[in-house]
Amino acid sequence: MSNAEDNATQIADDARKEFDLGAFLRGSSRVVETVTVYTDEVAGNRLGGHEVVRETAENGAQIPKIRSWGLKGEYSSLSRTPEDKKKNAKRLKAIEKECAGVLEQLEESSLTLELHSIPTALSKGARRAARSALDITEKGIPDSMADSFVEEISAQYLALSCGKVTRGDGAELPKLTIEGARDLADYLPRSEHGKLLEKVNDVLFASHISTAAVEDADF
């Protein structure tokens with residue numbers, strides 16, 4: 001073997017010895033997403049919206065139906081046809097103006113959270129922390145504590161994944177603590193907290209690296 005080959009082998013061996021897998025993985029890039037939640041439930045209800053609900057017919061079939069409420073619901077009901085829009089033009093303009101004011105209220109009440117995916121080691125740590133917080137020492141989760149565990153592990157995941165919280169006025173708030181994550185569960189409107197947890201689950205558990213896409217990268 002030549003000196004050059006000896007040197008190359010030595011360099012490769014040294015690199016293997018010095019390579020710290022944990023440090024490499026800790027420094028790898030992570031998925032980052034943001035979600036905005038609104039704390040002013042009264043303003044949100046006043047603004048209104050549309051949603052699909054299901055009603056049960058006499059034969060047991062589930063029939064989808066659009067439920068509308070608030071200013072958005074009123075706007076839709078008054079503008080179904082060009083004739084409606086013309087007849088109700090004055091009220092529609094007033095609704096648009098009122099909506100703008102309500103949206104401003106909502107923005108002022110908003111919190112925008114920056115969420116990061118977390119490595120498996122931290123995810124496992126969150127489970128241990130949730131068990132400890134609930135004083136669960138036995139193997140598994142007792143049926144009587146299942147709901148409490150889901151609530152606590154959700155708060156643990158949120159606290160771990162949240163990198164930054166920004167208020168509607170642009171002010172950056174202190175890093176979210178586990179107590180703060182529990183407060184969000186207790187005091188956010190239910191729909192907003194559900195939206196927040198859905199985004200946390202997307203960030204933590206969605207498959208962000210598709211094997212097929214990596215293996216077939218010939219664009």
Side-chain angles (χ1 to χ4, degrees), residues 22-49 51 69-70 102-210:
F24 173 76
L25 292 174
R26 285 192 293 274
S28 59
S29 62
R30 296 277 168 193
V31 172
V32 180
E33 300 224 12
T34 60
V35 58
T36 299
V37 293
Y38 301 95
T39 62
D40 191 336
E41 196 166 11
V42 173
N45 194 54
R46 177 61 181 147
L47 182 64
E51 66 179 4
W69 72 99
V102 175
L103 281 170
E104 190 173 328
Q105 282 181 256
L106 279 174
E107 287 299 327
E108 290 173 355
S109 80
S110 70
L111 295 171
T112 297
L113 294 87
E114 184 181 272
L115 303 174
H116 301 244
S117 60
I118 60 176
T120 303
L122 289 182
S123 179
K124 290 179 178 177
R127 291 186 64 84
R128 290 193 294 270
R131 289 176 61 88
S132 177
L134 296 173
D135 199 26
I136 299 174
T137 56
E138 62 193 88
K139 188 175 181 180
I141 307 299
D143 290 343
S144 61
M145 302 194 72
D147 290 344
S148 297
F149 182 78
V150 170
E151 292 173 3
E152 181 61 24
I153 192 66
S154 295
Q156 295 284 346
Y157 283 146
L158 174 56
L160 278 174
S161 65
C162 186
K164 183 170 68 174
V165 183
T166 307
R167 220 166 48 190
D169 60 6
E172 189 171 324
L173 302 179
K175 181 172 172 57
L176 187 68
T177 62
I178 182 59
E179 290 80 11
R182 291 173 185 142
D183 284 343
L184 287 173
D186 289 338
Y187 299 113
L188 269 183
R190 187 175 300 176
S191 60
E192 294 302 286
H193 187 247
K195 179 173 72 175
L196 175 56
L197 291 188
E198 184 177 348
K199 182 63 74 172
V200 171
N201 287 334
D202 285 347
V203 170
L204 295 187
F205 304 116
S207 177
H208 294 291
I209 302 178
S210 166

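Here the side chain of Thr39 pairs a donor or acceptor atom with the backbone of Ser109 at under 3.5 angstrom. Judged purely by atom type and a 3.5 angstrom limit, Ser154 uses its side chain to pair as donor or acceptor with the backbone of Val150. The main-chain N or O of Glu107 is found under 3.5 Å from a side-chain atom of Ser110 such that the two form a donor-acceptor pair.
Across all their heavy atoms, Val200 and Ser161 have their closest contact at CG1-OG, 4.1 Å. When every heavy atom of Lys199 is checked against every heavy atom of Val35, the shortest pair comes out as CG-CB, 3.8 Å. The shortest non-hydrogen separation linking Leu204 to Ser117 is CD2-CA, 4.2 Å.
Note on residues 124-178: pairs passing ring-ring contact (aromatic ring centres under 6.0 Å, His included), not counting sequence neighbours, are Tyr157-Phe205. For residues 102-123, the set of pairs meeting the ring-ring contact (aromatic ring centres under 6.0 Å, His included) definition, not counting sequence neighbours, is empty.
Note that NZ of Lys139 and CZ of Arg131 are 10.0 Å apart. Values are rounded to the nearest 0.5 Å. The distance from the CD atom of Glu138 to the CE atom of Met145 is 9.0 Å, given to the nearest 0.5 Å.
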Could you list the donor-acceptor pairs under 3.5 angstrom formed by side chains in residues 175-187, with sequence neighbours left out?
unit_1, atom_1, unit_2, atom_2, d
Lys175, NZ, Cys162, O, 3.1
Thr177, OG1, Glu179, N, 3.4
Thr177, OG1, Glu179, OE1, 3.4
Thr177, OG1, Gly180, N, 3.0
Arg182, NE, Glu152, OE1, 3.1
Arg182, NE, Glu152, OE2, 3.4
Arg182, NH2, Glu152, OE2, 2.7

Original post:
For Ile153 and Arg127, what are the C-alpha separation, side-chain angles and deciding distance, and is it a side-chain contact (heavy atoms from CB on, under 4.5 Å)?
Top reply: CA-CA 6 Å; Ile153 192 66; Arg127 291 186 64 84; 3.8 Å; yes
Original post:
Given Leu106 and Leu47, is the side-chain contact (heavy atoms from CB on, under 4.5 Å) satisfied, shown in steps?
Top reply: CA-CA 9 Å; Leu106 279 174; Leu47 182 64; 3.7 Å; yes
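Contact of the Leu113 side chain with the Leu196 side chain is registered, since non-hydrogen atoms from C-beta on lie closer than 4.5 Å. Within the 4.5 Å cutoff, the side chain of Arg167 has heavy atoms near those of the Leu173 side chain. Taking the side chain as every heavy atom from C-beta outward, Leu158 and Leu115 approach each other to under 4.5 Å. Looking at heavy atoms from C-beta onward, Glu108 lies out of side-chain contact with Asp169 at the 4.5 angstrom threshold. Tyr38 places none of its side-chain heavy atoms less than 4.5 Å from the side chain of Leu111.
Taking a 6.0 Å sphere around CD of Glu41, one finds it holds 12 or fewer heavy atoms contributed by other residues, nucleotides or ligands. Remark: Asp147 CG is loosely packed, at most 12 non-hydrogen atoms of other residues, nucleotides or ligands lying under 6.0 Å away.
In this structure, a donor-acceptor pair under 3.5 Å is present between the side chains of Thr112 and Thr36.
At a threshold of 4.0 Å, the pair Glu192-Lys195 counts as salt-bridged, since one of the basic side-chain nitrogens sits closer than that to a carboxylate oxygen.
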